Structures are given as C-alpha cells and as structure tokens.
Amino acid sequence: MSESVIAQYGWSDRLALAFAPHAQAGHTPARVVAQHRDGYLVATDQGELRANLSGRLHHEAQEADPPSVGDWVALALNPADGAATIEAVLPRRTVLTRRAADSLGKLQVIAANIDVVFVVSSMNADLNPRRIERYLAAAWQSGARPVVVLTKSDLSDDPQGQAAEIVALAAGAPVLLVSARDGLGLEALLAQVAPGEVCVLIGSSGVGKSTLVNAFLGQDRMTIAAIREADDQGRHTTSHRQLVLLPGGALLLDTPGIREVGLIDAEEGMSEAFDDIEQLAGDCRFNDCGHSHEPGCAIQAALASGALDPARWANFQKLGLELAAVEQKADRIAKAAERGRLAARAKTYRATKRDHRGGAD
Ligand code: GDP
Ligand code: ZN
C-alpha cells in the first residue's frame, strides 16, 4: 500500500496521540500547506482542500496566533456542501516568529513545526560572521535544528578556511559548503532533512536561496516560480502550496517573507537557545556576577566540572555582545517610530488650530 498523504507530510504516532480527542469528535487530521488572505489550503488523506477558521478560532485569532503554514489542525468536514472548517490546532513543536512590521512589541508566528532551518550565507567577499550569528540565534529560537549553508563556494579562494571560521561560531550546528553553479554539496544538504521533516531557508537577499530551492525542486521549479509571482503581486492565490514535498521525501516550507526572518528577534532566541546558561547564571552568588573571577560563580563552577561546554559558553558571550547592538538598534527604531507618531499628532493639532482660526496660515 502506498503511503497516505498525511504520512508523507510527516504524520507520526506522537501526533496521532495528540489528535485522539479530535478524532473522537469526528474531526479529520490535516496539515496547513498554504495560508492566503482568503483562507487556508490543507492536505488531508482525502486530498487537498480549502479550509476556513471556525468561528471560535477566528475570534481567538484576534488575540492569539492564527494557524500557520506547517500547523497540524483538526478539520470538520461538512458532507452536505463539502466545506472544511479548522476547529483546532495541535500543539506546535517549533515556531518561527518575527516582529510585526507595525508594532515592535508583538511576535507573529510565520511557520510552525519546522525541523531544520538552513541559515544561508554566501562565500563571496561579504561573508559576515556577525550576520550569521544573528540568523543562527533566530533559528535556535524556533526550536528547529540549525544548519549553516555557505553558498557559492566556487567564488571563494579559500572555502575551507572561511568555513572553519564559521564552524567556530556555529556552536555545534553543521556547516556545509555548496556551489549551485558546480552542483556541489546539494545532496549533503538534503541529507540533513529526513523524509516527512520540514526545512526552511533563511538569509539575506542575494545569497542564493532561490537557486537552492530550484535545485531542490528539480523539474518542479516552474511551480515555485508561479507561487512567487502570484504572491509578490499580492493577488489572491488559493491553489499554490507553500509547503512542498521534495523528490526525496523531505518537505520545504517557503512562504513570502520567511527568508529574511530573524534579525531583531534574535534576542529571544538567545535566551531560549541558552536556557541552561541563563539558569546557571541565576545560581551565581552575586546578581551582577561577571562570570569571570567572582566567588560563587555557578558558570565558572560548571565550566570547571565539565557540565558546561566552554565552546558553548564562548558562543553565548559572543552572541551577547552582538545582540546588545541589535537591541540598541531595535530601540532606535522604536524611538524613531514614536517620534513619527508625535510629529503626526502635532501636525494634526496644528491643522485643527488653523481650522479654528478660519484657515489662515
Ligand atoms: P536569493 O536572493 O537568496 O534567493 O539569491 P538567488 O538564488 O536569487 O541568487 C542570487 C545570485 O547568485 C544569482 O545571480 C545566482 O545565479 C547567483 N548564485 C546562486 N548560487 C550560486 C553559486 O553557487 N555560485 C555562483 N557563482 N553564483 C550563484
Ligand atoms: Zn557567575
């Protein structure tokens, strides 16, 4: 018997267990494969269906996050009119978030249940370790496994040397070299993602993400081009998948906006990725412990006992410095926005006064 649709999309025993109450309610398991302004596209064992949120979920979505691409959901199917309604979202294993563009405070979920985040950077002159660290922090924050991908190795005079520099900051994440031009390293990349697992590519513009996506998709490349075109123009697209099955059985999640995810968000990534270190720091005798020579320092004790990996600690410190700079930048952006709001209000106020004076200037 061939594998069921949801099995191809990564359905597991663990999910079946979480789904049991929904099965009892007569609901059907499905995975969100696309999210559009006018609804969702979901994959079920009955095929792909368009689905909408139930009234309750729609209401909750005002406060909490609505389902995202990659989510597993419980569907109610109406046999009379064939309508599919998303009644519940199963607990997420991982989430990739970003700050809403309009409100600096709020984190939006942009993809759920990702297994592997490829942090993509190109090996030409502007290989930027600090930027890779920030993307890595966002990847760690998601809960997925980060893999650093250094592209365009054909353009580098010393690919191994450059890679070694990145290995030193990757804190154990694999670092892989690829050249799409020469067709090198692509298989090793895909070998990081098991059948049914989901990967995403993040990284700055121009580093070679689309080229990799096309290489992954092989002959399906025209499909992804079609997705791009439609979404970039903001048209209603209801039939294109953003979660696609790759020839080897792995899944690729590629929504508009996901690729540039994760610079300012990196700070939360820090604290989640380094939970253990934060916890240790909480055990230091002094609240303002510098974790170098202070008496009663839990970090130094853990380093001495081998409980804390020195490379990990070094990476945490390095990221900490870099992130302080990112934070200051976020702060500046917030302040600039606030200044903008005040200026707008002052303008309105002046306009009102002008009106009261009878329009004289
Ligand atoms: P994206 O913005 O990250 O999606 O980057 P693209 O995939 O559009 O690639 C940007 C440019 O880099 C394009 O001109 C590609 O042809 C080029 N490029 C991508 N991969 C390679 C590679 O392995 N070697 C070389 N030399 N160029 C590449
Ligand atoms: Zn300490």
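These values consider heavy atoms only, across backbone and side chains, with no hydrogens, waters or symmetry-generated copies. This is a predicted model, so every value here is computed, not measured. As the structure lists them, so they are numbered: ligands from 1, and atoms in each ligand from 1.
- Close contacts between ligand 1 and S179 involve ligand atoms 23 (O) [criterion: under 4.0 Å to a heavy atom].
- Between the SG atom of C284 and the SG atom of C297, the angle taken at the Zn ion (ligand 2) works out to 110° after rounding to 10°.
- Of the residues listed (V120, T151, V207, V116), the one engaging L201 in a side-chain contact (heavy atoms from CB on, under 4.5 Å) is V120, and it is the only one.
- Below 4.0 Å from some heavy atom of V207 lie the following atoms of ligand 1, by number and element: 3 (O), 5 (O).
- Clustering ILVMFWY residues whenever any of their side-chain heavy atoms sit less than 4.5 angstrom apart, transitively, puts L136 in a cluster other than the one holding V95.
- Looking at every heavy atom in both residues, R92 comes nearest to V109 through NH1-CG2, 3.8 Å.
- Residue-level check: among N/O/S atoms of H291, ND1 sits closest to the Zn ion (ligand 2).
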Candidate pair K209 and D254, rule salt bridge (charged side-chain N to carboxylate O under 4.0 Å, His left out), full reasoning: CA-CA 10 Å; K209 297 180 299 298; D254 194 26; over 6 Å; no

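- Listed by atom number, the atoms of ligand 1 under 4.0 Å from A180 heavy atoms are 20 (N), 22 (C), 23 (O).
- Contacts between L155 and ligand 1, counted as non-hydrogen atom pairs separated by less than 4.0 Å, involve the side chain only.
- Checked by distance only, ligand 1 and K209 come closer than 3.5 Å through their nitrogen or oxygen atoms.
- By heavy-atom distance, the residue among V178, T211, L150, N124 lying nearest atom 16 (O) of ligand 1 is T211.
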Derivation of the salt bridge (charged side-chain N to carboxylate O under 4.0 Å, His left out) call for E197 and R145: CA-CA 11 Å; E197 286 193 330; R145 310 194 295 274; 2.9 Å; yes

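- The N/O atoms of G206, backbone and side chain alike, include one that comes under 3.5 Å of an N/O atom in ligand 1.
- Note: the hydrophobic cluster containing L155 does not contain L177 (ILVMFWY, side chain heavy atoms under 4.5 Å, direct or indirect links).
- Taking only nitrogen or oxygen atoms, main chain and side chain alike, T151 does not reach within less than 3.5 Å of ligand 1.
- Taking the six-membered ring where tryptophan is involved, the planes of W11 and F19 are perpendicular, since the angle between them exceeds 60° and thus also 30°.
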